[in-house]
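Below is one structure, written out as structure tokens; comments come after it.
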Amino acid sequence: MDLKVICVLSVILVVALSTLAEGKIPPTRCQCKMALKERRNCGYPGISEVECRKAGCCFNDSVPGTPWCFAPKPKKVRKVCPNDPHGRINCGFPGITAQECEKKGCCFNTQPAGVPWCFYHRVVEEEC
Ligand SMILES: *[C@@H]1O[C@H](CO)[C@@H](O)[C@H](O)[C@H]1NC(C)=O
């Protein structure tokens, strides 16, 4: 393997390991917003707030008699085309057509000049 490949692989490995060490990605506020009866226990009875969050669960102890540590809902996301032309990340090549760009699942806009016309979506969380 050449040095570049080894470099890239070690970066991936380090990132993967640090993700494991930090535990799960915390749920967003929207993922934890649900009716009390929809709450599904996460963790064990009497789990602390810190342990609950570390396990990637939602914590809310405002209502006694309901699960305080509960499983988050799946994250609802939507793709949007960024408005800021300078924030565009190139998804095509100079002179790409709208059809070619759409086939790649990217955003297409020929305005303004001097920035990529075919560019990646951003993923944003849906409001709740
Ligand atoms: C906790 O849950 C209650 C009942 O669902 C809700 O009204 C309240 O806003 C929640 N608190 C937080 C901090 O999410």
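Numbers here simply count residues along the sequence, with the first being 1. Below, all heavy atoms of this structure are taken into account, side chains as well, without hydrogens, waters or symmetry copies. Keep in mind that this is a model prediction, so the values were computed, not measured.
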*asked:* Would you compute the distance between atom SG of C107 and atom CZ of F119 and round it to the nearest 0.5 angstrom?
replied: 5.0 Å
Donor-acceptor contacts under 3.5 Å from residues 81-101 side chains, at least two apart:
from	atom 1	to	atom 2	distance (Å)
D84	OD1	H86	N	3.0
R88	NH1	Q111	O	3.3
R88	NH1	P116	O	2.8
R88	NH2	Q111	O	2.9
N90	OD1	G92	N	3.1
T97	OG1	E100	N	3.1
T97	OG1	E100	OE1	3.2
E100	OE1	T97	N	3.0

_Could you report the tightest heavy-atom contact between C57 and F70, atom names first, then the distance?_
CB-O, 3.5 Å
*Partners of E49 by side chain to side chain donor-acceptor pair (under 3.5 Å), sequence neighbours excluded?*
R53
*Audit row: C69, C52, disulfide bond (SG atoms under 2.5 Å apart) steps and yes/no*: CA-CA 6 Å; C69 182; C52 175; 2.2 Å; yes
*For S62, which residues count as a side chain to side chain donor-acceptor pair (under 3.5 Å) partner, sequence neighbours excluded?*
N60
_Distance in Å, E38 CD paired with K73 NZ, rounded so as to fall on 0.5 Å steps_ = 6.0 Å
For residues 121-128, which side-chain N or O atoms pair as donor and acceptor with protein atoms under 3.5 Å away, sequence neighbours left out?
from	atom 1	to	atom 2	distance (Å)
H121	ND1	G105	O	3.1
E125	OE1	T28	OG1	3.2
E125	OE2	T28	OG1	2.6
E126	OE1	R78	NE	3.4

*All side-chain contact (heavy atoms from CB on, under 4.5 Å) counterparts of T66, not counting sequence neighbours*: L36, R39, V63, W68
*Could I get the full list of side-chain contact (heavy atoms from CB on, under 4.5 Å) partners for P27, not counting sequence neighbours?*
Q31, C32, C58, P72
